[in-house]
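The structure appears right after this line, and notes come after that.
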Amino acid sequence: MSKLDSKIPAGPIKDKWTNHKNNINLVNPANKRLIDVIVVGTGLAGGAAAASLAEMGYNVKAFAYQDSPRRAHSIAAQGGINAAKNYQNDGDSTYRLFYDTVKGGDYRAREANVYRLAEVSASIIDQCVAQGVPFARDYGGLLDNRSFGGVLVSRTFYAKGQTGQQLLLGAYSAMNRQIAKGKIAMYNRHEMLDVVLVDGKARGIIARDLITGKIERHSAHAVVIATGGYGNVFFLSTNAMGSNVTAAWKIHKKGAYFANPCYTQIHPTCIPRSGDHQSKLTLMSESLRNDGRIWVPKHMKDVEAIRKGTLKPTQLAEGDRDYYLERRYPAFGNLVPRDVASRAAKERCDAGYGVNATGEAVYLDFAAAYVRYGKEKAHITGLHNPSDEKILELGRAVIESKYGNLFQMYEKIVDENPYMTPMMIYPAVHYTMGGIWVDYNLQTTIPGCYAAGEANFSDHGANRLGASALMQGLADGYFVLPYTIGDYLANEIRTGAIPTDSPEFDAAEKNVTDTITKMMNIKGTKSVDHFHKRLGKIMWNNVGMARNIKGLKEAMAEIQQIRKEFWSDLRIPGTANSMNAELEKAGRVADFLELGELFAKDALDRNESCGGHFREESQTEEGEALRNDNDYAYVSAWEYKGEPADAILHKEELTFNDIELKQRSYK
Amino acid sequence: MSSNNDMNLLLKIWRQPDAQTKGELVDYNVTGISPDSSFLEMLDVLNEQLVTKGEDPVVFDHDCREGICGMCSLFINGEAHGPGKSITTCQLHMRSFKDGDTIYIEPFRATAMPVIKDLVVDRTSMEKIQQAGGYVSINTSGNTQDANALPIPKADADAAFDAATCIGCGACIATCKNASAMLFLSAKVSQFALLPQGKVEGAERVKNMVRVMDEEGFGNCTNTGACEVECPKGISLDNIARMNREYLSASLAD
């Protein structure tokens with residue numbers, strides 16, 4: 001029996017969500033007070049869900065590994081959030097946002113989920129404004145928009161380069177109101193280390209208090225996992241240092257299928273790495289591609305001169321530059337989707353045109369924007385015949401008002417003034433479209449266990465468009481899960497409080513303490529980072545921007561080998577019953593070492609190129625990605641069977657009734 | 001890439017096993033540090049050395065490493081987030097130091113922010129201030145009014161945004177000679193005071209947040225202004241003035 005019932009409601013796509021909401025079970029307000037819900041992770045999805053569920057009357061227990069919900073990595077999202085408001089009168093609509101997202105995801109997402117996402121997008125903006133989120137506004141006092149990659153309208157709402165911060169602080173404020181009321185019990189500096197199943201249903205979690213090391217039992221009628229993505233399997237990524245797959249992996253091991261692990265977004269505009277000491281990579285928002293033009297020199301002699309330092313990029317004549325995105329994709333130019341932009345940068349750098357010492361950097365240049373904005377500003381302020389210098393000065397001020405914090409971040413890291421010389425950028429691992437398989441209700445294959453936000457797989461297919469992650473996290477947390485979870489909880493009103501002294505809790509706790517004891521007792525010679533860096537290197541080289549059968553098989557074998565060494569030669573100083581950062585990292589890396597292999601296995605299975613997944617065996621003569629809809633128009637949902645190599649593939653066939661399947665073109 | 005510019009440094013780091021035990025400064029030498037590495041990457045190098053020797057690594061808070069999560073703290077050579085303006089510790093790079101330097105690394109210190117271990121402090125008191133009123137009392141619904149139904153003058157929206165960029169790191173508190181949380185608190189009060197959505201419950205908000213600040217053992221503001229200087233996000237002292245006005249008018253209305 002296949003467990004993969006996506007539970008997509010019947011009816012026309014535009015009515016599905018409304019009809020579904022009208023038909024699902026509700027829990028009456030008095031009964032909600034009898035029901036407990038655990039939310040793990042407090043980013044946009046988890047924070048929004050925790051606050052909304054508590055407002056509705058459920059008793060929520062929320063968990064974060066940081067010392068405050070406000071620190072979840074959603075905070076670092078920069079550019080913006082999409083919504084089909086059509087405030088700019090440029091023809092936007094729910095359908096267009098739906099269409100762009102399905103196309104952007106290279107036709108590997110579930111239509112019904114994406115349509116719902118587009119449908120609730122407008123409510124998100126209304127909700128956030130009502131909370132006091134200070135979005136950017138124009139001089140008329142109305143909300144401003146910018147444009148993002150892969151679309152032809154301006155539908156992105158933003159708060160300078162700190163949109164994620166402002167949205168997360170909005171969800172955090174909503175949480176705080178419920179914490180103050182006692183409706184959310186907040187567990188900061190706690191990490192979930194297992195899920196507890198009773199009679200096949202998710203009934204609680206085992207968590208470790210990261211200050212005291214104490215192992216705790218927490219019960220509930222449902223468990224929501226909103227713990228983000230697994231980009232740190234690459235060691236170097238734009239994720240926070242603590243971002244991990246552990247909660248998702250633990251539920252996977254208990255029966256939740258893991259979908260499309262190989263769909264990973266390599267973001268085109270990150271600050272290039274500077275050396276072996278590097279601990280993480282920093283994103284420069286995609287919004288910069290609104291105003292920045294990407295180029296490398298046309299001629300190898302100029303590349304060499306720039307690397308030697310005898311030529312400055314600003315000295316290179318316009319005709320000697322190769323604006324390769326504008327050349328290859330005239331229709332979308334610098335605003336092609338992320339996967340396309342990343343591969344194009346790799347292509348140029350692989351051909352030897354990279355502009356820094358490592359050969360892995362291209363320019364993102366704002367010179368044209370300075371002139372354009374400067375002239376506009378001079379015109380507005382009535383300045384006649386301004387000098388070139390004055391125009392540049394005015395233009396730089398406009399750019400600063402739009403992206404000031406990003407330019408400041410760049411300058412701090414690279415030690416160059418990006419107002420005076422083009423930025424250098426290179427692709428880096430940023431977001432994972434894959435994740436825990438969920439049905440239309442966001443329920444995993446474990447009854448009572450839900451996954452929201454980046455932790456699930458549902459809305460972005462094989463490639464996420466810019467400014468869609470914030471939209472999906474908040475849609476799941478504010479507007480989807482609070483409704484759909486009620487359908488399940490309506491059957492729990494007579495259950496009563498879940499005891500934590502059951503054999504199931506005993507077994508789950510023992511499993512956690514045994515694993516910790518085992519890790520502490522290895523007493524080998526190598527640090528956690530040693531293994532994490534080796535894993536990351538294999539992932540980047542063999543399972544990164546371009547993948548092939550040979551490299552993927554090698555990767556699986558090598559990861560198995562590293563895992564073996566990890567469990568025999570790891571050294572964790574200190575004790576398990578105190579604050580121990582090495583122990584925390586070890587638990588996370590142990591899970592990455594299993595996920596990494598499944599990731600490669602999934603990439604091996606999918607012998608087509610789609611979105612962020614590029615198989616060298618499947619490309620056009622021009623080197624563009626070649627999808628294979630006949631054989632691969634399915635979601636890969638993996639069932640855990642012990643070793644990652646033994647995982648069983650279940651396929652959810654994707655059907656497209658409202659959008660015609662086409663080979664993507666941004667030319 | 002190692003280069004001739006690599007640095008050798010003497011670190012004097014605060015070590016404290018837990019909240020109950022007395023701490024002390026301990027000397028460590030690190031060698032071959034690239035000037036392009038960040039301050040926290042330099043500590044990673046130290047910890048890698050300590051782990052390899054089987055010693056307890058130095059615990060410090062950090063997460064995003066791009067200056068936005070507010071997790072990292074550290075008093076470096078007597079300054080919150082170290083030398084340099086408008087940066088967090090994770091954005092501090094080793095090019096700000098010289099080969100042979102001695103660097104003092106201590107936790108953020110305040111009665112209301114006790115040390116948990118080594119360089120990690122407990123900022124629960126700051127959470128409590130936010131929980132006392134740092135929100136607009138509105139439930140999630142798909143039926144709030146259209147976002148553009150309420151125009152807000154750009155200047156107000158921009159000022160509210162500037163106040164809202166506080167990352168809650170606690171540098172202002174650690175820097176203040178009175179260990180006051182006024183800059184932190186006033187940033188949230190100001191954000192909402194500048195927006196029509198926040199005005200409705202403005203008086204209750206400011207009174208409750210100030211009350212909890214006092215209960216949690218933070219000191220008073222004596223207008224020294226050190227907090228503004230050390231704030232990694234440039235939160236302005238104007239926010240404290242605005243908060244005082246809010247507080248005064250709220251108190252007079254009682």
Side-chain angles (χ1 to χ4, degrees), chain A residues 51-52 55 66-68 70-71 73 75-76 87 120 123 125-127 129-132 134 137-143 159-160 162 165-166 169 173-174 176-177 179-180 211 240-242 274-275 277-280 282 357 408-409 412-413 415 478-479 482 527 529 571 573-574 578-579 581-582, chain B residues 1 18 34 36-37 40-41 44-45 48 51-52 54-57 59 61-71 86-87 91 93 95 116-117 120 123 127 130-132 134-140 142 144-148 150-154 157 160-161 164-165 168 191-192 195 197-198:
Chain A
S52 302
E55 287 162 7
Q66 298 95 340
D67 69 343
S68 164
R70 69 182 296 156
R71 311 212 192 276
H73 200 52
I75 198 118
Y87 283 162
V120 303
S123 298
I125 303 303
D126 297 341
Q127 179 68 26
V129 166
Q131 285 172 343
R137 288 172 185 271
D138 60 29
Y139 285 97
L142 302 183
L143 295 165
K160 267 199 184 172
Q162 290 113 298
Q165 180 197 29
Q166 294 310 316
L169 293 182
S173 72
N176 277 335
R177 179 167 160 246
I179 293 171
I211 296 177
M241 299 301 286
S274 67
H277 54 263
Q278 198 103 23
S279 61
K280 78 152 276 162
T282 302
Q408 189 235 15
M409 275 166 74
K412 295 294 173 198
I413 292 171
D415 202 23
Y478 282 135
F479 295 116
S527 70
D529 281 359
R571 172 180 279 181
S578 64
M579 184 173 253
E582 290 296 307
Chain B
M1 290 169 286
D18 52 54
S34 160
D36 287 330
S37 66
L40 295 183
E41 285 165 349
D44 291 343
V45 171
E48 181 73 26
V51 172
T52 312
E55 290 176 33
D56 219 11
V59 190
D61 267 331
H62 65 110
D63 204 25
C64 77
R65 294 207 179 184
E66 48 188 273
I68 194 77
C69 75
M71 199 74 181
S86 302
I87 53 168
Q91 292 176 299
H93 279 67
R95 60 180 84 95
I116 293 173
K117 182 175 180 179
V120 174
R123 288 175 282 204
E127 292 296 290
Q130 293 295 331
Q131 288 156 15
Y135 47 77
V136 173
S137 292
I138 170 178
N139 281 355
T140 306
T144 49
Q145 65 179 345
D146 184 86
N148 261 352
L150 187 67
I152 297 171
K154 182 170 166 55
F161 169 82
T165 55
Q191 176 196 344
F192 289 132
L195 298 172
Q197 299 94 315

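Just so it is clear: chains get the letters A, B, ... in the order the sequence lines come, proteins before strands, and each one is counted from 1. It should be emphasised that the depicted structure is a prediction, and the values quoted were computed from it without experimental measurement.
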Side-chain heavy atoms of B:D146 within contact of A:D126, under 4.5 Å: yes
Proximity breakdown for A:L169 and chain B, heavy-atom pairs closer than 4.5 Å: side chain
Toward chain B, the part of A:F479 with a non-hydrogen atom under 4.5 Å: side chain
Is there a donor-acceptor contact under 3.5 Å linking the side chains of A:R137 and B:N148? no
Of the listed residues (B:S86, B:G168, B:G198), which shares the most heavy-atom pairs with chain A below a 4.5 Å separation? B:G168
Side chain, backbone, both or neither of B:I152 within contact of chain A (heavy atoms, under 4.5 Å): both
Go through B:A132, B:S137, B:G54 and name the one with the most non-hydrogen pairs under 4.5 angstrom from chain A. B:S137
Could you tell me whether A:K280 and B:E66 have a side-chain N and a carboxylate O separated by less than 4.0 Å? yes
Report yes or no: does A:Q162 contribute a side-chain atom to a donor-acceptor pair with the main-chain N or O of B:F161 at less than 3.5 Å? no
Check for a donor-acceptor pair, side chain of A:K412 on one end and backbone N or O of B:I87 on the other, with a separation under 3.5 Å. no
Side chain from CB out, backbone as N, CA, C, O: work out which of these in B:E55 comes under 4.5 Å of a heavy atom of chain A, or both, or neither. backbone
Minimum heavy-atom separation for A:V129 to B:A147, with atom names? CG2-CB, 3.8 Å
Quick check on the interface: out of A:G574, A:A130, A:A180, who has the most heavy-atom pairs with chain B under 4.5 Å? A:A130
A:Q166, part contacting chain B, at a heavy-atom distance under 4.5 Å: side chain
Cut-off 4.5 Å, heavy atoms of chain A, and the answer for B:D18 is neither
Does A:E55 reach the main-chain N or O of B:T140 with its side chain, forming a donor-acceptor pair under 3.5 Å? yes
In terms of side-chain heavy atoms, does A:S279 have a donor or acceptor partner in B:R65 at a distance below 3.5 Å? yes
Turns out that what part of B:D44 lies under 4.5 Å from chain A's heavy atoms comes down to side chain
When the 4.5 angstrom heavy-atom criterion is applied to A:I179 and chain B, the contacting part is side chain
Could you walk me through whether B:H62 and A:M241 pass the side chain to side chain contact (heavy atoms under 4.5 Å, CB included) test, one step at a time? CA-CA 8 Å; B:H62 65 110; A:M241 299 301 286; 3.6 Å; yes
Heavy-atom pairs under 4.5 Å with chain B are the metric here; pick the option from A:V120, A:D529, A:I413 that has the most. A:I413
Measuring from atom CD1 of A:I75 to atom CE of B:M71, what distance do you get when rounded to the nearest 0.5 angstrom? 12.0 Å
With a 4.5 angstrom heavy-atom cut-off, is it the side chain or the backbone of B:F192 that approaches chain A, or both, or neither? side chain
Would you confirm whether B:Q130, through its side chain, and A:S173, through its main-chain N or O, come within 3.5 Å as a donor-acceptor pair? no
Stepwise side chain to side chain contact (heavy atoms under 4.5 Å, CB included) check, B:D36 with A:Q278: CA-CA 9 Å; B:D36 287 330; A:Q278 198 103 23; over 6 Å; no
B:L40 portion near chain A, given a 4.5 angstrom heavy-atom threshold: neither
Checking heavy atoms, do the side chain of B:V45, its backbone, both or neither come under 4.5 Å from chain A? neither
Which one wins on heavy-atom pair count under 4.5 Å against chain B: A:M579, A:Q131, A:Q165? A:Q165
Show your reasoning for whether side chain to side chain contact (heavy atoms under 4.5 Å, CB included) applies to A:H73 and B:C69. CA-CA 7 Å; A:H73 200 52; B:C69 75; 5.9 Å; no
Between A:Q127 (side chain only) and B:N139 (backbone N and O only), is there a donor and an acceptor less than 3.5 Å apart? yes
Sort out for me which of A:A51, A:A581, A:A159 touches chain B most, counting heavy-atom pairs under 4.5 Å. A:A159
Check for a donor-acceptor pair, side chain of A:R177 on one end and backbone N or O of B:I138 on the other, with a separation under 3.5 Å. yes
Would you confirm whether A:Q66, through its side chain, and B:D63, through its main-chain N or O, come within 3.5 Å as a donor-acceptor pair? no
For A:E582, give me all partners under salt bridge (charged side-chain N to carboxylate O under 4.0 Å, His left out), at least two apart in sequence or on another chain. A:K585
Side chain from CB out, backbone as N, CA, C, O: work out which of these in A:D415 comes under 4.5 Å of a heavy atom of chain B, or both, or neither. both
With respect to chain A, which residue among B:P57, B:G67, B:A164 yields the maximal number of heavy-atom pairs within a distance under 4.5 Å? B:A164
Chain A contacts, top residue of B:Q145, B:H93, B:K117 (heavy-atom pairs, under 4.5 Å): B:H93
Non-hydrogen atoms of A:P134 and B:A157 that approach each other most closely: CB-O, 4.1 Å
Find the one option among A:S578, A:G242, A:G132 whose heavy-atom pairs under 4.5 Å with chain B are most numerous. A:G132
